[in-house]
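I have placed the structure first, in the form of structure tokens, so that the comments after it can refer back to it.
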Amino acid sequence: MQCVFPPPAQATVAVVGSDAVFPVHRIYCVGRNYAEHAREMGHSGREAPFFFMKPAGAVLPVAAGALGRMPYPAMTADLQHEIELVVAIGKGGRAIAAADAPAHVWGYAVGLDMTRRDLQGEAKRLGRPWCAGKGFEHSAPIGPITPAAAAGAIDGAAIALTVNGAARQGSAISMLIWNVADTIAHLSTYFELQPGDLIFTGTPAGVAAVTRGDVLEGSIDGLAGLRVKIV
């Protein structure tokens with residue numbers, strides 16, 4: 001079969017300790033999955049999980065120890081950071097039980113759900129989709145993926161983000177409203193998960209704006225860190 005134009009390159013993410021790469025299929029994101037972040041966004045309580053998506057091409061892979069460069073996007077005056085645990089799916093399935101979810105996880109990474117907050121806010125006000133606020137180019141910076149067996153007890157890990165060396169976000173993965181297994185169980189009732197899917201699991205409180213020249217450093221215990229400069 002001949003394509004009418006050369007197909008785009010496969011989006012991939014580096015793997016810790018390997019020359020192999022993880023091919024990205026889809027990117028799913030969980031909204032308001034830390035209680036403190038839900039409150040800072042004007043919501044409260046434990047709600048049923050909800051999801052939105054970014055295109056695979058939104059991935060901005062950053063190699064271990066490298067400083068990634070994210071272009072400041074057009075059409076916004078309020079680009080905000082959201083540090084997140086990213087779950088890399090290695091085994092697909094539909095209607096996966098929470099007890100079976102760990103068998104579907106290939107690994108974990110540190111990621112940023114970068115958001116054009118002004119565009120997202122306007123979309124919320126008008127009852128429109130969030131695509132322009134969430135799914136733009138380079139909006140999903142991600143560090144190398146650590147295989148699950150090497151990641152340790154991820155459910156108890158600390159998660160943090162600094163901007164220009166100053167603390168911005170900090171919490172623990174244990175504070176997720178819906179933990180990794182529950183998230184996979186819920187998500188797989190709506191979509192048939194596939195190998196190569198990435199799940200951004202939600203961000204703790206402290207989201208705020210960044211501008212050109214800012215350096216963001218994200219960390220999660222047991223995982224390779226992520227450093228990104230806004231350019």
Side-chain angles (χ1 to χ4, degrees), residues 1-31 50-76 79 82 84-96 100-101 103-116 119-120 123 128-149 183-201 224 226-231:
M1 181 176 64
Q2 184 175 359
C3 297
V4 298
F5 54 82
Q10 168 74 54
T12 62
V13 179
V15 173
V16 170
S18 174
D19 292 332
V21 294
F22 184 90
V24 179
H25 179 244
R26 291 177 177 167
I27 302 174
Y28 299 100
C29 303
V30 188
F50 70 93
F51 307 96
F52 58 92
M53 298 179 69
K54 294 175 182 272
V59 159
L60 176 60
V62 180
L67 177 63
R69 295 169 64 85
M70 178 188 171
Y72 194 97
M75 302 300 294
T76 185
L79 176 66
E82 299 189 8
E84 310 208 3
L85 170 68
V86 182
V87 178
I89 297 296
K91 175 185 175 184
R94 183 185 292 278
I96 299 166
D100 298 330
H104 294 259
V105 176
W106 194 92
Y108 302 97
V110 180
L112 285 164
D113 169 16
M114 300 302 291
T115 302
R116 294 191 281 204
L119 299 189
Q120 184 197 26
R128 294 176 179 173
W130 295 3
C131 303
K134 289 286 193 178
F136 53 95
E137 294 86 350
H138 315 300
S139 63
I142 184 171
I145 297 172
T146 299
T183 294
I184 290 172
H186 281 282
L187 182 60
S188 67
T189 63
Y190 292 99
F191 304 96
E192 182 174 357
L193 298 183
Q194 300 290 337
D197 288 342
L198 298 176
I199 305 172
F200 282 62
T201 57
L226 172 63
R227 297 177 67 236
V228 177
K229 184 174 184 177
I230 309 300
V231 298

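If you read the sequence from its start, that first residue is 1, and numbering goes on from there.
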**Request:** For L198 and V59, run side chain to side chain contact (heavy atoms under 4.5 Å, CB included): C-alpha distance rounded to whole Å, both residues' side-chain angles, the deciding distance at 0.1 Å, then the answer.
**Result:** CA-CA 10 Å; L198 298 176; V59 159; 4.2 Å; yes
To the nearest 0.5 Å, what is the distance between [atom1] on [X] and [atom2] on [Y]?
{"X": "F22", "Y": "I145", "atom1": "CZ", "atom2": "CD1", "result": "5.0 Å"}
{"X": "L226", "Y": "E84", "atom1": "CG", "atom2": "CD", "result": "11.5 Å"}
{"X": "K134", "Y": "L119", "atom1": "NZ", "atom2": "CG", "result": "11.5 Å"}
{"X": "E82", "Y": "C29", "atom1": "CD", "atom2": "SG", "result": "8.5 Å"}
{"X": "I199", "Y": "I27", "atom1": "CD1", "atom2": "CD1", "result": "11.5 Å"}

Could you check if a side-chain atom of [X] sits within less than 4.5 angstrom of a side-chain atom of [Y], using non-hydrogen atoms only?
{"X": "H104", "Y": "L193", "value": "no"}
{"X": "P71", "Y": "H138", "value": "yes"}
{"X": "I184", "Y": "V105", "value": "yes"}
{"X": "H25", "Y": "I89", "value": "no"}
{"X": "K54", "Y": "D113", "value": "yes"}
{"X": "Y108", "Y": "V87", "value": "yes"}

Which atom of [X] lies closest to which atom of [Y], heavy atoms considered:
{"X": "A132", "Y": "F136", "value": "O-CD2, 3.8 Å"}
{"X": "R26", "Y": "M53", "value": "CD-CE, 3.8 Å"}
{"X": "A224", "Y": "V16", "value": "CB-CG2, 4.0 Å"}
{"X": "A14", "Y": "V21", "value": "CA-CG1, 4.5 Å"}
{"X": "P144", "Y": "V13", "value": "CA-CG1, 4.4 Å"}
{"X": "S188", "Y": "R94", "value": "O-CG, 3.5 Å"}

**Partners passing side chain to side chain contact (heavy atoms under 4.5 Å, CB included) against P147 (at least two apart in sequence or in another chain)** =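 If we apply the side chain to side chain contact (heavy atoms under 4.5 Å, CB included) test to P147, skipping adjacent residues, the hits are V15, W106.
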**Asked** Do Q10 side-chain atoms and V24 backbone N/O form a donor-acceptor pair below 3.5 Å?
**Response**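 Yes.
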**Item:** Of L112, V231, L79, the residue whose pairing with M70 passes side chain to side chain contact (heavy atoms under 4.5 Å, CB included)
**Value:**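 Only match with M70 under side chain to side chain contact (heavy atoms under 4.5 Å, CB included): L79.
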**Asked** So M114 and I230, side chain to side chain contact (heavy atoms under 4.5 Å, CB included) or not? Walk me through it.
**Response** CA-CA 11 Å; M114 300 302 291; I230 309 300; 4.2 Å; yes
**Request:** Look at the aromatic rings of F50 and W130 and report parallel, tilted or perpendicular, splitting at 30° and 60°.
**Result:**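 The arrangement is perpendicular - the two ring planes meet at more than 60°.
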**Asked** Crowded around Q194 CD? As in, over 12 foreign heavy atoms under 6.0 Å?
**Response**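 Atom CD in Q194 is crowded, with more than 12 foreign heavy atoms closer than 6.0 Å.
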